[in-house]
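Inspection log for the structure reproduced underneath, given as structure tokens.
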Amino acid sequence: MIDIERWFVRRGVPHFIDDYAATTDIWTRSVPMLVVAYVAGGFNALNLYDWTWQRNVLAGIVVIAVLCIGWMATNRARGRRPFAKPDVVGAPELAAFIIGPALPSALFTQWGDAVQAVVEGLALLVAIYLLTSYAVLALLLWAVRRSAAQLASLAGLVVRALPLLLLFTTFLFINAEVWQVAGTLTGVPYLATLTIFFLLGSVFVLSRVPGIMRGLGTFTDWGEVHTALLSTPAERLDTPRTGPVHAAPLTARQKLNVGLVTVFSQSLQITFVALLLTMFFALFGFLAVPEATTQGWTGLDSVNVIATWQISGRDLVVTEPLLRVAGFLGAFTGMYFTVVLSTDATYRDEFAEDVAPQIRQALAVRVAYLHHRVGTGPQ
């Protein structure tokens, strides 16, 4: 059964594993990342500019010592050997991960760094949980393989959509109002603006999931299940050959997991097109928009020049407003391209024909897996 559970993880559907739990399945896989993040957070106590190297070395030793003490303490609380690798990561270990990096800063009376370490620890736990729980790395690798298989149809769609898209967005790029809006945005407002485009695009992508999912989890008999099980670890399981199939309904997390698999490949393609357009506008602006024009369009008293290159007596510059405008238009074109993907009938059918069999196979493996493991699957 272990090989089937590993297959679920590789296919990006770890929540299909029976009794999938954070303490034994998620956090235990994240121990290497937790250790690295823990040490990095503890090193907030160092002050390379104002302290001597001896004091910084002492602070580093304190960080490692606190890590070792915390590791031994949580292992002893669990009844494990002092330096054993945790087989269960629960509240004691996570509490040590959050509090431990703040202790060195507190010992050196750096209270601001201590609070920062706690906040960063909480944020990292959330990020690590999401990345590990839904096997994002495995999903990404799977999406890359599927995108490569769909490269021809994607290239054809890009060729059809790109001329009108470039004409429209290039007009926006040389519009002073766009530079006044996007070129002067910084920090959270700029990120929030890009996030709006991402969320709108996500709505279009997710709206297609019910249509792709419809009927994929329904198997009329065991013959259909066994056909889908071919070339998977589950084909060796001892399951019925005939008779009706009564599959256990998917939980909310399992539905979300399947939805991520369904849209991840397309999201990767959209991101690729958005990055391609962002690089195009950055290059176009570098070649065509001088510093004085940037300053005039944005209305700023001065602009931060990141790089300068002189060609044929002309100063070509990369400025912060240029990169902000390029990123803004790249995110906008990503949303536009999402709409194109969602409304192009040819690509929509090809995408569904490519992804649907993958999802159906995973659902068939889940049916056989549950039947063999806990008897809650088909009877």
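Any value given below was found using the heavy atoms of this structure, including those in side chains, with hydrogens, waters and symmetry copies removed.
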If Ile, Leu, Val, Met, Phe, Trp and Tyr residues are connected whenever their side-chain heavy atoms lie under 4.5 Å apart, and connections chain through other members, are [X] and [Y] in the same group?
X	Y	value
V119	L94	no
I128	V126	yes
V35	F43	yes
V305	V325	no
V317	L283	no

Nearest atoms (heavy-atom pairs only) where [X] meets [Y]:
X	Y	value
T232	L229	OG1-O, 2.6 Å
L322	G285	CD1-CA, 3.6 Å
V245	W222	CG2-N, 3.6 Å
V62	P104	CG1-CB, 4.1 Å
G41	P101	C-CB, 3.7 Å
A59	W51	CB-CZ3, 4.0 Å

What's the verdict on side chain to side chain contact (heavy atoms under 4.5 Å, CB included) for L67 and V63, showing C-alpha distance, side-chain angles and the deciding distance?
CA-CA 6 Å; L67 169 62; V63 171; 5.7 Å; no

Centres of the Y369 and F8 rings: under 6.0 Å?
yes

Close aromatic pair by centroid cut-off 6.0 Å: F173 and F284:
yes

Would you indicate whether I2, at its atom CD1, is surrounded by more than 12 heavy atoms from other residues, nucleotides or ligands within a distance under 6.0 Å?
no

In terms of heavy-atom contacts, does CG of D238 have more than 12 from other residues, nucleotides or ligands at under 6.0 Å?
no

Side-chain donor or acceptor of [X] paired with backbone N/O of [Y] under 3.5 Å:
X	Y	result
N75	A84	yes
H15	L256	no
N56	T52	yes
Q254	T251	yes
T333	G330	yes
R11	A362	no
N304	E320	no
D315	P290	no

Can we say [X] and [Y] salt-bridge, meaning some charged N sits less than 4.0 Å from an Asp/Glu carboxylate O?
X	Y	value
R366	E5	no
E224	R360	yes
R236	D3	yes

Which one of T184, V289, T293 satisfies the side chain to side chain contact (heavy atoms under 4.5 Å, CB included) criterion with W179?
V289

Using the side chain to side chain contact (heavy atoms under 4.5 Å, CB included) definition, which of the options L237, V13, I4, L370 pairs with V365?
I4

In the structure I gave you, are the side-chain heavy atoms of [X] and [Y] within less than 4.5 Å of one another anywhere?
X	Y	result
R324	T319	no
L277	Y336	no
M33	V36	no
R314	L316	yes
V9	F16	no
R6	P233	no
L125	I98	yes
V118	I99	no

With rounding to the nearest 0.5 angstrom, report the [atom1] to [atom2] distance, [X] to [Y].
X	Y	atom1	atom2	value
T271	L276	OG1	CG	12.5 Å
L287	I311	CG	CD1	7.0 Å
L172	L329	CG	CG	6.0 Å
W71	R80	CH2	CZ	8.5 Å
N257	L250	CG	CG	10.0 Å
Q180	W297	CD	CH2	11.0 Å

Residues I196, L200; criterion side chain to side chain contact (heavy atoms under 4.5 Å, CB included); working and verdict
CA-CA 6 Å; I196 290 174; L200 289 175; 4.1 Å; yes

Pair Q295, E291: side-chain N/O donor-acceptor within cut-off below 3.5 Å:
no

For a side chain to side chain contact (heavy atoms under 4.5 Å, CB included) check, start with the C-alpha distance between V89 and V31, then their side-chain angles and the critical distance, and finish with the verdict.
CA-CA 8 Å; V89 178; V31 167; 4.0 Å; yes

Quick one: do S231 and Q361 satisfy side chain to side chain contact (heavy atoms under 4.5 Å, CB included)? Show the steps, please.
CA-CA 10 Å; S231 71; Q361 184 180 58; 3.9 Å; yes

Using the ring pair (Phe, Tyr, Trp, His ring centres under 6.0 Å) rule, pick out the option among F198, F197, F281 that qualifies with F332.
F197

